[in-house]
Amino acid sequence: MTAADALFRCGFPYVKTLGMRRVTSAAVDVIPGSNGRVYVLVRAEIAIGGCCIRILNWEDEDFGTIGETGSGDGQFSWPTKLLIDQDENLIVSDEALNRITVMAKDGSFLYKWGQTGEKEGQLNRPSGMALDKDNNLIIVDSFNHRVQKFTKNGDYISSFGYQGSGPGQFSYPWGVAVRGDNHIFVSDWKNNRIQHFTEEGTFVKEFGQDNKNELGLNRPAGITIDQDGDVYVADRDNNRIAIFDANGRYVQKLLGDSQLTGMARQYVKTNPVVLRLREMSQLDDQKLFRFPVGVTFDNNGMLWVADYGSHRIQIYKKDAERLQPHELEPPLKSPKLIIN
């Protein structure tokens with residue numbers, strides 16, 4: 001029995017919202033750091049610093065930026081994915097510059113690497129990244145329709161995949177996540193599916209194209225995996241987070257529950273025109289995701305969502321209990337859950 005089959009799923013409550021337009025404009029990724037820091041990768045000129053890493057905290061206070069728009073050292077042109085290593089160095093993939101940039105948490109530039117091209121070890125629109133258990137970087141080389149593995153310093157190790165729609169093939173892949181056993185999960189953007197591979201790149205299975213009474217994936221972007229093996233997909237054009245178990249079985253979706261809190265609340269209160277517009281508006285749609293693209297699951301059971309179209313971060317907490325095999329019946333042939 002897999003870990004995901006032995007879960008008593010009680011809910012996935014919304015916790016809070018961080019950020020706002022003009023601060024976390026076009027939030028493309030988010031990851032929590034130490035001492036309450038939260039790093040948000042943004043790529044909109046309206047934000048101070050333009051393309052940059054915005055630093056917040058749990059209380060939704062703004063602590064400035066790391067980096068800025070440009071092509072020089074420590075600058076970004078079209079950043080897509082943000083990672084943190086064991087030293088809390090910040091690793092950023094930049095699609096437009098075809099490179100990986102590494103910054104220290106104090107904002108100082110450390111190093112960059114990447115060469116444009118289609119040969120082994122070269123990049124064409126690198127998007128998603130993940131660190132495996134050996135601290136190697138797994139990078140989605142999107143316009144080369146493949147996944148490549150490098151050391152953190154940029155030394156090429158291996159790659160797999162090529163353009164197509166068959167098993168193990170890709171069409172502009174976007175996101176990648178690595179499970180505890182080093183298995184690799186890739187969001188295959190234009191093929192609207194998730195593909196699962198072994199550590200060596202051998203195809204295992206695909207899922208997400210037909211979710212049984214749910215819409216299939218529509219331009220899946222960021223992807224993350226929790227300690228139970230559950231897979232979370234930023235299903236961008238369906239405006240939702242789709243959740244699958246370790247076997248690729250669809251479990252549920254999150255549609256957004258944002259409240260007006262923190263810096264956004266203060267901004268609205270001090271702007272009479274915005275305050276009046278909100279008072280006159282229907283608010284049902286304001287809580288929903290709009291084109292979410294980044295997802296991160298942390299060690300505290302929190303799911304962090306970069307709500308790109310609404311320029312904010314929504315946070316949820318998984319509520320589930322792990323069960324032993326003797327605590328539940330074997331799988332049923334025609335399951336249907338009704339609780340009165």
Going by ring-ring contact (aromatic ring centres under 6.0 Å, His included), name the residues that satisfy it together with Y39, two or more places apart in sequence or in a different chain. none
If you round to the nearest 0.5 Å, how far is [atom2] of [Y] from [atom1] of [X]?
| X | Y | atom1 | atom2 | answer |
| --- | --- | --- | --- | --- |
| R265 | T261 | CZ | OG1 | 8.5 Å |
| L303 | T224 | CG | OG1 | 7.5 Å |
| L83 | I139 | CG | CD1 | 9.0 Å |
| C51 | D94 | SG | CG | 7.5 Å |

Taking C-beta and beyond as the side chain, do [X] and [Y] meet within less than 4.5 Å on heavy atoms?
| X | Y | value |
| --- | --- | --- |
| R219 | N192 | yes |
| V293 | D307 | no |
| D62 | L56 | yes |
| L254 | Q252 | yes |
| R99 | L123 | no |
| L137 | D132 | no |
| D285 | K287 | no |
| K81 | I91 | no |

Which pair of heavy atoms, one from [X] and one from [Y], lies closest together, and at what distance?
| X | Y | answer |
| --- | --- | --- |
| L97 | S77 | CG-CB, 3.7 Å |
| I315 | M302 | CG2-SD, 4.1 Å |
| K133 | N182 | N-OD1, 3.0 Å |
| V42 | P79 | O-CG, 3.9 Å |
| V176 | I138 | CG1-O, 3.7 Å |
| N191 | Q209 | O-NE2, 3.4 Å |

Say whether [X] and [Y], considering side chains only, have a donor N or O and an acceptor N or O under 3.5 Å apart.
| X | Y | value |
| --- | --- | --- |
| D141 | Q148 | yes |
| T80 | E95 | yes |
| E68 | Q75 | yes |
| N153 | W113 | no |
| R312 | T17 | no |
| Y14 | Q314 | no |

For side-chain contact (heavy atoms from CB on, under 4.5 Å), just list the numbers for F289 and K253, CA-CA rounded to whole Å, side-chain angles, deciding distance to a tenth of an Å, and then say yes or no. CA-CA 11 Å; F289 294 127; K253 61 181 178 289; over 6 Å; no
side-chain contact (heavy atoms from CB on, under 4.5 Å) between M103 and L110: does it pass, once the steps are laid out? CA-CA 5 Å; M103 309 282 286; L110 296 179; 5.7 Å; no
In the single-linkage hydrophobic clustering (I, L, V, M, F, W, Y; side-chain heavy atoms under 4.5 Å), do L217 and V204 co-cluster? no
Verify the cluster assignment for F76 and L82: are they in a single hydrophobic cluster under the rule of side-chain heavy atoms below 4.5 Å apart? yes
Electrostatic pair [X]-[Y], nearest N-O below 4.0 angstrom:
| X | Y | answer |
| --- | --- | --- |
| K318 | D228 | yes |
| E88 | R37 | yes |
| R179 | D230 | no |

Under 3.5 Å, side chain of [X] to main-chain N/O of [Y], donor-acceptor pair present?
| X | Y | result |
| --- | --- | --- |
| T296 | I31 | no |
| S25 | R21 | no |
| D85 | D87 | yes |

side-chain contact (heavy atoms from CB on, under 4.5 Å) between K317 and D298: does it pass, once the steps are laid out? CA-CA 10 Å; K317 185 172 179 63; D298 69 19; over 6 Å; no
Taking the inter-plane angle between the rings of [X] and [Y] on a 0 to 90° scale, is it parallel (under 30°), tilted (30 to 60°) or perpendicular (over 60°)?
| X | Y | value |
| --- | --- | --- |
| F244 | Y250 | perpendicular |
| Y172 | F143 | perpendicular |
| F12 | Y316 | perpendicular |
| Y232 | F297 | parallel |

Y162 and H145 aromatic centres sub-6.0 Å: no
Within a 6.0 Å radius of atom NZ on K16, are there more than 12 heavy atoms belonging to other residues, nucleotides or ligands? yes
